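Inspection log for the structure reproduced underneath, given as structure tokens.
Start at 1 and go down the list; that is how both ligands and their atoms are numbered. When reading the values below, keep in mind they use all heavy atoms of this one structure, side chains included, and skip hydrogens, waters and symmetry mates. The shown structure was predicted, so the numbers you read here are calculated from the model rather than taken from an experiment.
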Amino acid sequence: MFGERLRHFQAILIPLIVLAGAAILAEYVVRLDIERQAEIQRNQVLAEASTLRAQLEGEINSTLYLANGLGGYVSAYGIQDEASVNVVLATVFQYDHHLRNIALAPDNVIRYVYPIKGNEKAIGLVYEQVPQQWAAVKRAIETHSTVVAGPVELVQGGHGLISRTPVYRPDGQYWGIISLIMKTDSLFSTLDQDARQKGLAMALRGKDGEGAHGDLIHGDMGLFRLDSVQQVIRVPGGTWVLAVRPQQGWAAGSGRTLMLRLSGWGLALLIASLTYFIIRERDHIRHLATHDPLTNLPNRRLLSDRLDQAIAKAQRDGQGFSILCLDLNQFKPINDTHGHHVGDQVLCTVATRLQKCLRSIDTVARIGGDEFLLVLPEVESNADVLDVANRVSEAIKEPIRIGELLLHTSASIGICHYPVDGQTQDDLMRITDEAMYSAKRESRGAVYRVGEQVSA
Ligand SMILES: Nc1nc2c(ncn2[C@@H]2O[C@H](COP(=O)(O)OP(=O)(O)OP(=O)(O)O)[C@@H](O)[C@H]2O)c(=O)[nH]1
């Protein structure tokens, strides 16, 4: 019936709605977690990037402090002889393992280089005559401060930063230039290694201190295009930019997210399944309360509802209906002879046959041991109800096969019409019952209406 189908539909629809709601909630929680994880990860990467930046700035500045220290020494004491200069340069050189060489150029002409081995050709170089170098030297002299160029490819191999520090005598007179070449390959690869150990990829740009627009110094330029954490590094005469990003990308799609999503969906499925079982259980309990457990036909309680509905509908539509009460004849002997279980099967067979004789809008209920009541909406005429009664009677008379047994029974039937024979539920039930008993008393197997036989 419609109510049954609606309940079935609800039992599917409600859990689906619950599933959708719980899944949306689960996805929302996953999204929040992804955002939180990304924020935590971004902060961690930012902290690591700051460490790398400090490390890099520290390395570069410590080299520059050496240049400044050396400049101070030269300014104060000047140059006595080559041997003592070499001692000073060698002392400075050993402080910084990134140093490639140091050159002193009084009046812009390189006179001293340490170590000399491999750098002999630099001796005597006049900066003014080498345009690529003169620009930086000139800028250092003009700005009175250290200028860092590069990294550039070194003729001795590898890459290096060249710092030019102008030196002035105590009286303010320009003395010359101190050049330091710093090997960057080892410096950058140390940083790179540190970053990789923490699962990070790093890149540097800003050659010649040109910052965010400068050429690539180290790493992969792609990192600047990706969503990376970037830090500005101050170098004398300009800036570099450091880009850092997790090697495996940001947290989204991590194992944790997958676990959280699976748990969320699992929970959503569990809640939806529980909802489904609760609804089914509720429907089952409701069904048990309204149906006969043996034949699964509506019981008295549900019959009462159906009768109320039929009366209300008849009053609304101005159309009558009929009810039919049926009691099996000689059922007890079946029980007594073949046992209760055979009697049960006979009752079930009768129930099935009754249902087959009726329309979907009719109701057939079991109201007693071998007694059934049929409600036939919109059936008003005697002829129509007799038609149904005869059909039902014939169906019950058909032999019933239970295993090896072939059993026979019949029914005494009472009918009544609403509103002609009775107007209330109690009246209708009583009158039909009396009609059925009249049939049973006076002509078993016949159909009676209000004490009068209407069909054989
Ligand atoms: N197998 C079975 N028998 C039942 C059930 N409920 C009631 N009965 C039996 O059904 C019989 C009904 O009694 P009656 O209607 O007097 O028996 P009958 O032989 O049909 O009598 P008449 O109606 O006068 O022909 C009783 O013997 C009950 O014990 C049931 O659920 N299963």
Nearest neighbour in protein (non-hydrogen) for [atom]:
atom: atom 21 (O) of ligand 1; answer: Q330 N, 4.3 Å
atom: atom 32 (N) of ligand 1; answer: D344 OD1, 2.7 Å
atom: atom 27 (O) of ligand 1; answer: K332 CG, 3.3 Å
atom: atom 11 (C) of ligand 1; answer: F331 CD2, 3.9 Å

Which of the ligand 1 atoms, numbered from 1, are nearer than 4.0 Å to a heavy atom of [X]:
X: G343; answer: 1 (N)
X: G369; answer: 6 (N), 7 (C)
X: K440; answer: 22 (P), 23 (O), 24 (O), 25 (O)
X: D327; answer: 15 (O), 23 (O)
X: R444; answer: 22 (P), 24 (O), 25 (O)

Test salt bridge (Lys or Arg N to Asp or Glu O under 4.0 Å) on E35 and R31 and set out the steps. CA-CA 6 Å; E35 281 169 17; R31 190 124 305 276; 5.2 Å; no
Note, [X] side chain near [Y] side chain (heavy atom, < 4.5 Å):
X: I178; Y: T146; result: no
X: L161; Y: T63; result: no
X: L56; Y: W240; result: yes
X: R164; Y: R139; result: no
X: L297; Y: Q355; result: yes

Just by modelled atom types, is the D292 backbone N or O under 3.5 Å from a matching donor or acceptor in the R366 side chain? no
Nitrogen or oxygen atoms of L294 and ligand 1 under 3.5 Å apart: no
Taking distance alone, with N or O pairs closer than 3.5 Å, would you say N335 contacts ligand 1? yes
Verify the distance criterion only: is there a donor paired with an acceptor across the side chains of N329 and S412 at less than 3.5 Å? yes
Examine the side chains of Y418 and Q425 and answer whether a donor and an acceptor come within less than 3.5 Å of each other. no
Does the residue [X] have a heavy-atom contact with ligand 1, meaning some pair of atoms that are separated by less than 4.0 Å?
X: Q345; result: no
X: E371; result: no
X: P333; result: yes

Which atom names give the shortest non-hydrogen contact between H340 and N335, and what distance separates them? CA-OD1, 3.4 Å
Where does [X] meet ligand 1, judged by heavy-atom distances below 4.0 Å: at the side chain, the backbone, both, or neither?
X: D370; answer: side chain
X: R366; answer: side chain
X: L347; answer: side chain

Is the number of heavy atoms from other residues, nucleotides or ligands within 6.0 Å of CZ (R234) greater than 12? no
Considering all protein heavy atoms, does one lie under 4.0 Å from atom 17 (O) of ligand 1? yes
